[in-house]
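Order of the sequence lines fixes the chain letters, A, B, ..., with proteins taken first and strands second; residue numbering starts at 1 for each chain.
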Amino acid sequence: MASFLSRREMLKRAAAAGMTSAVPAKALAQVLPERTRDQFENLSSVESKILEAIVSRLIPTDENGPGALEAGAANYIDKGLANALSKSHTAYSSGLAALDAYAHQLTGRGFVVLEHSEQDSLLEDLEQNLAVGFDPDSATFFNLVLRHTIEGTFSDPAYGGNQDFIGWEMIGYPGIRLGVTVEQQQMDHFPQMNRVSAHDLPMFDVNISEESGNDD
Amino acid sequence: MTIRLPGTDVVTIGLGGAGGIAVLPLTESGIDVVGLEAGRWMSPSDFAPDELRNNYRGWPQSVQKANREVPVHRANEQSPEFARDSLHPMMNAVGGTTLHYYARSYRLHPWDFSVVSETARRYGGDRIPEGSTVEDWPLTYADLEPFYDRLEYELGVGGFAGNINGNIDTRGNIFEGPRTRDYPMPPLRSTKFTEMMSDAARRLGYNPFPSPAAINSQTHNNRPACQYHGFCNRGGCHLEAKNSTAVTTIPKAEATGNLKIVTQSHVTKIHVDAEGRASGVEYLRDGETYIQPAEVVLLAGYTYENTRLLLLSNSDAYPSGLSNNHGQVGRHYMTHAQRGGVLGLFPHRLNRWYGLPAQGSGIDEWADDNFDHKDYDFIGGAHFWVSQDSRPILASRMNTFGRAPRWGSQWKEFIMENADRWVGAHLQKTTLPYEDNYLDLHPTITDPLGFPVCRITAEYKDNEKKLARFTQEKMEQWFREAGAIDTFRMPLGPMGPSTHAYGGTRMGNDPDTNVVNRWGFSHEVPNLGILGASVMGTSGARNPTLTVQALAWRTAQHLVENWRNIAI
Ligand SMILES: Cc1cc2nc3c(=O)[nH]c(=O)nc-3n(C[C@H](O)[C@H](O)[C@H](O)COP(=O)(O)OP(=O)(O)OC[C@H]3O[C@@H](n4cnc5c(N)ncnc54)[C@H](O)[C@@H]3O)c2cc1C
Ligand code: SF4
């Protein structure tokens, strides 16, 4: 899967935003590598492709920039299924299969090969609880994926989503700062995006795959 | 096998916001205390600025007790149960929920202590809503003032005083009850956004003020000042600038040598002796069952657990639950109607990414009885509050004000523009107790240990609904005055599990309608004290904890002064 922005385009953008000089080398390195497709660990190859197709429609890549696919929202979900999201594992397996079956039923083709407009109209059916074949129903599955896609796009990159800080850049969140000045809390003066994750900070012990919590 | 431990003077159940306070006056006077706490110690390195973990995953690194015994809610005895919440945001750790609370530290308004008599005096006797069981508290604001004062200094609360011995200062809350001296430190600083809101409030004739907060605005007791980093909302403080009991009263009590803290101890029952006096508690730790005998038992497990443990501790002397021979345990349940806020959308960025929920602008003009209710058909009101507190997941999950769908390119374009242009106002509303709003044990649903969870039977009544509508309208005006281009009234929603839950073991002079006496000790079990908002008879219109803590200190001090009578 091609990365949304080429390496050169990234560099150009970074330079235009005055970032090349301001960003520390470590952060810059995170901007640069070509994005390769994430290795999925808990979803099957077929499941992961359907999930990527869904997240691509929920937060699309468009003229306003990269979306949930590039942010790795599907990867976030896949990784979470092994721990904090494990209670949703069956819901994903059965929901993704149900979506594909629904696509076949309506169009004769699988979800991933459909045109964007066709995919959108099927997802609308799910959202409005009109699609059949889901357990318990299609809106429940749709809301689950939407919630996790947003989490995967806007949570700390440590969880496998929000890659290259795509989500934070999308909404203008300037990154983790442990000390915030008076100036950084004004409305006419916005802090620079610093591309720092909570888990870059050595003082914190973080076990992101802790099993006890859940978010279902 | 059950292990019977040597006895102690006092055993406390829970070392959170309330229990963590009571241990200090006790141990300082030489009383031996065993503090049983279901959770563990947490430390600064546990408190990463991580929104997902703090706000959406229920603190996976803490002991998962509150999350595994979330109360089940139904509106009334006829209605079906709501789908059960999957998490409950109270913390199980030494320090309890004060580790990750917002630390807004208010005194209750004097009116809230005397709702019945004050309402009768001002409007005549028939203004208390039908079915309400509200009573005047057995103490007044003036009785509690010395304890508020003590706590503000002991913990470290920053703020502007609005009323020192009757001298009004408009930098603070001009409606507050008189205090004897200023706060020990100034409030958290203002920001461009909070100033914008305060300016608008002034144009409307209001007197805006910053919230008092148990957060260091400057170095205090050798702990540093807040750095406004933006993860205070359900986040622990990596600097120990947030004055939880885990960094204030508990270590100070430990230093006396008279406090023994036993962590990861889950209390399952309070025992009684042949005379019906509390004799100690039973708890589970590491798969073993222990009995900790004590002269006095202090119950401080938060509102739902306080009622639940009493009901689970039945015996021959108390067949329907400890201290429940008058059928009052679980009664007079209230919340804060915390939902039912208002959202405002602005035509420019607000830059609310860094800050904290205690940094903001509030007004009290429509709270309590601060305005004349003669022409309104409700009593009480709400404290209004807007704060400098946003994070990426919260912001991107914003309400779209009917201007965009929930997903897709249009949604993306909308949040790219608006994620930092909206704010939610908190309206903490008076909630009254009613005959049919109560807590009991669920008949079938249990926690993983097999004990029934708490069941909430409660719904908002007309008074709450009317005052919600009224205050939402006023909040919308405030937002519009500040330049909002759109507003949205959040639904009040069902009266489900709450972080501001009150009642269940109400304090009052009459044992027929109250579980504890004016000092916080059970009417039926004289050596059982109860700490927490479960003893409060009115909700007030502001955050509960400083009141809970003032009451806890007062109960502990009463015990110290009356040790022989109570402990025998
Ligand atoms: C996100 C959030 C924000 C908040 N913000 C504010 C605010 O800004 N201002 C304010 O005034 N209030 C706020 N509150 C409410 C505040 O946290 C509570 O009022 C306060 O913590 C109550 O103190 P407590 O001791 O009753 O309960 P807790 O602080 O929850 O402590 C109870 C303790 O008892 C322990 N425990 C429970 N059951 C047992 C048992 N069976 N055996 C052993 N131990 C047990 C628990 O593990 C816990 O440590 C907030 C709450 C939340 C969740
Ligand atoms: S905002 Fe301040 S008090 Fe809150 S956690 Fe951050 S530094 Fe600590």
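Heavy atoms closer than 4.5 Å to chain B are found in the backbone of A/T181, but not in its side chain. Contacts between A/N162 and chain B at a heavy-atom distance below 4.5 Å are absent for every atom of the residue. Looking at A/Q119, there are no atoms closer than 4.5 Å to chain B (heavy atoms on both sides), in backbone or side chain. Both the backbone and the side chain of A/L178 come within contact range of chain B, judged by heavy atoms closer than 4.5 Å. The part of B/Q359 that comes within reach of chain A is its side chain, from C-beta onward, which places non-hydrogen atoms under 4.5 angstrom from that chain. With a 4.5 angstrom heavy-atom cutoff, A/L58 touches chain B via backbone and side-chain atoms both.
Put simply, CD1 on A/I150 and CG on B/L394 are 11.5 Å apart, with the number rounded to the nearest 0.5 Å. Distance check, rounded to the nearest 0.5 Å: CE of B/M398 to CD1 of A/I171 gives 10.5 Å. To the nearest 0.5 angstrom, A/I176 atom CD1 is 10.5 Å from B/R391 atom CZ. Of the inter-residue distances, the one linking A/M170 atom CE with B/S396 atom OG reads 9.0 Å to the nearest 0.5 angstrom. Taking OG from A/S155 and CG from B/N55, the interatomic distance works out to 12.0 Å, rounded to the nearest 0.5 Å. Note that CZ of B/F231 and CZ of A/R177 are 11.5 Å apart. Values are rounded to the nearest 0.5 Å.
Two residues are said to be in side-chain contact when any heavy atoms from C-beta on lie closer than 4.5 Å; B/R57 and A/L85 meet this criterion. Residues A/E151 and B/R397 meet the side-chain proximity criterion, which asks for heavy atoms closer than 4.5 Å.
With hydrogens and angles ignored, the 3.5 Å screen pairs no side-chain donor or acceptor of A/N64 with any backbone N or O of B/S409. In this structure, the side chain of B/N351 engages the main chain of A/Q186 through a donor-acceptor pair within 3.5 Å. Using a distance-only test at 3.5 Å, with no hydrogens or angles considered, no donor-acceptor pair links the side chain of B/W407 to the main chain of A/P60. For B/K412 (side chain) and A/G65 (main-chain N/O), a donor-acceptor pair under 3.5 Å exists by modelled atom type.
Residue with the most contacts toward chain B among A/D156, A/D120, A/T149, A/T153: A/D120 (heavy-atom pairs, distance under 4.5 Å). Between chain A and the options B/H238, B/E413, B/E195, B/M196, heavy-atom pairs under 4.5 Å are most frequent for B/H238. Contact tally against chain A (heavy-atom pairs below 4.5 Å) for B/E51, B/R406, B/Q388: the top residue is B/R406. Of the listed residues (A/S56, A/G172, A/G167), the greatest number of heavy-atom pairs within a distance under 4.5 Å of chain B belongs to A/G172. When the candidates B/N418, B/T191, B/D46 are compared by the number of heavy-atom contacts under 4.5 Å with chain A, B/T191 comes out ahead.
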Inset, instruction - Start with the C-alpha gap between B/R53 and A/Y159, add the side-chain angles, then the distance that decides, and say whether side chain to side chain contact (heavy atoms under 4.5 Å, CB included) holds. - result: CA-CA 10 Å; B/R53 201 180 56 176; A/Y159 292 88; 3.7 Å; yes

Inset, instruction - In sequence, state the C-alpha distance, the side-chain angles, and the governing distance for B/K192 and A/H189, and then conclude on side chain to side chain contact (heavy atoms under 4.5 Å, CB included). - result: CA-CA 10 Å; B/K192 264 285 163 353; A/H189 191 100; over 6 Å; no

Inset, instruction - Carefully, step by step, assess A/V182 and B/R189 under the rule side chain to side chain contact (heavy atoms under 4.5 Å, CB included). - result: CA-CA 8 Å; A/V182 173; B/R189 69 192 184 213; 3.7 Å; yes

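Note that B/R349 lies in the cation-pi zone of A/F190, set by a 6.0 Å cut-off to the ring centre and a 45° limit from the axis.
Ring geometry for B/Y354 versus A/Y173: interplanar angle of 30 to 60°, hence tilted.
Crowding of A/Q128 atom CD: a count of heavy atoms from other residues, nucleotides or ligands under 6.0 Å exceeding 12.
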